[in-house]
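Treat the numbers as computed from the prediction; the structure is a model and nothing was measured. The basis for the numbers below is simple: all heavy atoms, side chains too, and nothing from hydrogens, waters or symmetry mates.
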Amino acid sequence: MLDRRRFLLSAAGSLFAGSLATGCSSPLSTRPQQGTAGAADPVEALNRLFDEFMAEILDKRPILVTSLGLDRGERAWAKSLLDDVSLERRREAERENADRLRRLRAFDRSSLSGLALANYDTVAFQMETSARAARFPYGDGPSPYVVHQMDGAYEGIPTFLDRQHTIENREDAESYVARLRAFAHMLDQETERIRHDAGLGVIPPDFIIQRTVQQIRALRAIPVTESILTTSLARRAAQKGLPDSYAGDAQRIVTEEIYPALERQEAALESLLPRAVHHAGIDRLPDGPAFYEVALRFFTTTDMDADEIHRLGLEQVREISARMEEILRGQGLTQGSLAERVQALGRDPRHLFPNTDEGRQQILDYCNGLIAGLEKHLPQYFGVLPKTPVEVRRIPPYTEAGAPGGYYQRPALDGSRPGAFFINLRDTSELPRWTLPTLTYHEAAPGHHFQLALVLEMPDLPLIRKIGGFSANTEGWALYAERLADEMGLYADDPLGRLGWLQATIFRAARCVVDTGLHSKGWSREQAIQYMVETTGDHPAAMTTEVERYCAMPGQATSYKVGHTVWVRLREEARAALGPKFDIRAFHDTGLTAGPMPLAVLERVVKDWVSSHA
């Protein structure tokens, strides 16, 4: 899962957004060729337009500026600010998006081809989809709730300040202090929007409110002197020999401004509980069915409706169940349902790490070892690899209760900050050893990191393409990467590892069933949890967190299997068309260096590549 869940992947929700030179340019280069300056003019004009769009976006998104490592020089102003998340700013952003879409549509699309055409259609899709979401006067992009257990300033800003706000000198420390004050203001802006949406009848289900309140309260319960908000600044300022006064400033702001703002947000959410219902789906919200249609299009980048996605999930659950059954019987596990046997394996102490700090470190070390073990296999499958490394880190304990099993955070644009795979270590019994390889291959390498770090290194992609996210493409690639690990032979002597991969695959197929069940077929939270546990054999606590995630982020969970299905189909079609000329490295390089894009655009890019080599 991407850190979309926050500020970059959510760039897909509120913007759109490839690579730092790897020594190999994109096979769909947009750079002018010698002797064809006239033919390159439309491309140059489009890229200038994209640069204009990007400058406008960055002017209003200081968090994005820092996340990309651009908060210096002419954009140093951004380092002391956080985003304006007020209702007024949301309406202003909608008008800005409409204006950029008008300017893009005025461009002569027929003058473009190759990657330039793909760039145009990709940015146009994002703008058009954002415009569709603007018709709903509540929520935040494709999410119906401004704050929930997966997202909100309380959840993202502390980690953002600790991990992405660099401190090298006095100005950086002073900017950190300024951002602490901005954090309190940001919380109050969200609280205002919570009340606004409640006035429209948009109130999260009771269990989402309760989970969110639990996490806000956990953050607020940390003694100020121990809060990451203060210790991060104190530690890093001391390392640079800066005055102790910054730590005191941070503690005062957290005490007098941030914690009271958190308390106000907590109270606002709790005040909604008497009006909250237990109904999980968004069909109960104003214009809820239409909202879900927009969410499905946003996340799958297709026109598939809920019924089609539901059927896809059911069909693939049946197919994958049969493959899991074969492995279980091969291990001598024949008694009980498939889920019961998988659950028994998950409880087997031989496959569990100690639920201690030492055990958690063992998991981090194990995942890092898996990434290192990939290296000898990569030259057979990739011609272009990201230069930026990836690290495995723990999800902060104060948000782990409602967080997913893992997510990926992109590196800085200039490579100064590595990519990161954040893993949820709240309870090591949720992570049997045989499930970790697939999670690592999905979130780190060759999954999200190989696509999203690489795309930042591509010299021919405009920045607006580099920061974009398309869940069906990126999550579909990460699922494809899980399958690729099996094809690399990484499970040749590890049948339980292969079982873990299949369990992860059936989990994504079941998501299609459950997400559409919740939001279009009247399923309850409890019915969805039961289906997930009985279908996947996964840990009930983990499946509870997952189902609650689907309730807060309708449609997103369907994107994985929809995108995976398209990536696999495109590869097999290319293999059939090219026969002995098919080179899997070139296929991967073509799909990855073109950057994340809607599935229909990806399909055209791959077909153009096939035609050029047929």
Side-chain angles (χ1 to χ4, degrees), residues 18-19 21-30 113-119 121-122 301-302 374-387 438 441-442 444-461 465-466 468 470-490 501 505 559-614:
S19 135
T22 59
C24 178
S25 63
S26 165
L28 297 167
S29 175
T30 61
S113 62
L115 184 57
L117 180 60
N119 289 342
D121 288 344
T122 296
T301 68
T302 72
L374 272 174
E375 291 187 9
K376 64 182 180 182
H377 301 278
L378 298 178
Q380 297 173 259
Y381 294 89
F382 299 91
V384 184
L385 295 171
K387 289 183 175 181
T438 292
Y441 300 144
H442 178 105
H448 285 319
H449 184 67
F450 273 35
Q451 184 178 46
L452 297 172
L454 180 64
V455 82
L456 292 177
E457 299 171 8
M458 297 312 301
D460 297 331
L461 281 178
R465 285 288 327 281
K466 294 183 179 186
F470 288 90
S471 191
N473 186 307
T474 55
E475 299 295 356
W477 166 261
L479 236 64
Y480 172 86
E482 296 177 13
R483 168 176 169 153
L484 193 61
D486 183 57
E487 295 171 349
M488 288 178 176
L490 298 178
W501 160 52
T505 307
S559 63
Y560 294 67
K561 208 69 185 71
V562 171
H564 173 240
T565 302
V566 170
W567 272 102
V568 172
R569 174 176 60 78
L570 291 177
R571 187 184 75 173
E572 297 316 306
E573 288 177 353
R575 190 191 302 275
L578 294 177
K581 293 183 179 180
F582 178 78
D583 183 344
I584 195 166
R585 295 171 300 176
F587 170 78
H588 292 155
D589 293 349
T590 297
L592 295 180
T593 60
M597 52 183 54
L599 294 177
V601 183
L602 173 66
E603 186 165 356
R604 190 176 73 226
V605 167
V606 173
K607 288 185 175 179
D608 287 348
W609 170 73
V610 170
S611 297
S612 69
H613 289 77

[X] versus [Y], closest heavy-atom pair with distance:
{"X": "Pro596", "Y": "Leu452", "answer": "CG-CD2, 3.8 Å"}
{"X": "Arg585", "Y": "Gln380", "answer": "CG-O, 3.3 Å"}
{"X": "His613", "Y": "Lys581", "answer": "O-CD, 3.4 Å"}
{"X": "Ala594", "Y": "Leu115", "answer": "O-CD1, 4.1 Å"}
{"X": "Tyr441", "Y": "Ala481", "answer": "O-CB, 4.1 Å"}
{"X": "Asp589", "Y": "Val384", "answer": "OD1-N, 3.2 Å"}

What distance separates [X] [atom1] from [Y] [atom2], expressed to the nearest 0.5 Å?
{"X": "Leu479", "Y": "Leu484", "atom1": "CG", "atom2": "CG", "value": "12.0 Å"}
{"X": "Thr565", "Y": "Tyr560", "atom1": "OG1", "atom2": "OH", "value": "14.5 Å"}
{"X": "Leu378", "Y": "Phe450", "atom1": "CG", "atom2": "CZ", "value": "4.5 Å"}
{"X": "Asp486", "Y": "Met488", "atom1": "CG", "atom2": "CE", "value": "11.0 Å"}
{"X": "Thr593", "Y": "Leu461", "atom1": "OG1", "atom2": "CG", "value": "7.5 Å"}
{"X": "Thr505", "Y": "Glu482", "atom1": "OG1", "atom2": "CD", "value": "5.5 Å"}

Check against salt bridge (Lys or Arg N to Asp or Glu O under 4.0 Å), Glu487 and Arg571: CA-CA 13 Å; Glu487 295 171 349; Arg571 187 184 75 173; 2.8 Å; yes

Sidechain-backbone polar pair: Trp477 side chain, Gln451 backbone, donor-acceptor under 3.5 Å: no

Donor-acceptor contact below 3.5 Å, side chain Asn473 vs main chain Leu599: no

Whether Tyr381 and His588 hold their rings parallel, tilted or perpendicular, with breakpoints at 30° and 60°: parallel

Test item: Asp121 and Pro598 side chains (from C-beta on) under 4.5 Å apart, heavy atoms: no

Close side-chain approach of Leu454 and Phe382, heavy atoms under 4.5 Å: no

Criterion side-chain contact (heavy atoms from CB on, under 4.5 Å) on Leu117 and Arg604, from CA distance to verdict: CA-CA 10 Å; Leu117 180 60; Arg604 190 176 73 226; 3.4 Å; yes

Listed partners of Ala478 passing side chain to side chain contact (heavy atoms under 4.5 Å, CB included), at least two apart: His442, His448, Glu475

Check against side-chain contact (heavy atoms from CB on, under 4.5 Å), Phe470 and Leu602: CA-CA 11 Å; Phe470 288 90; Leu602 173 66; over 6 Å; no

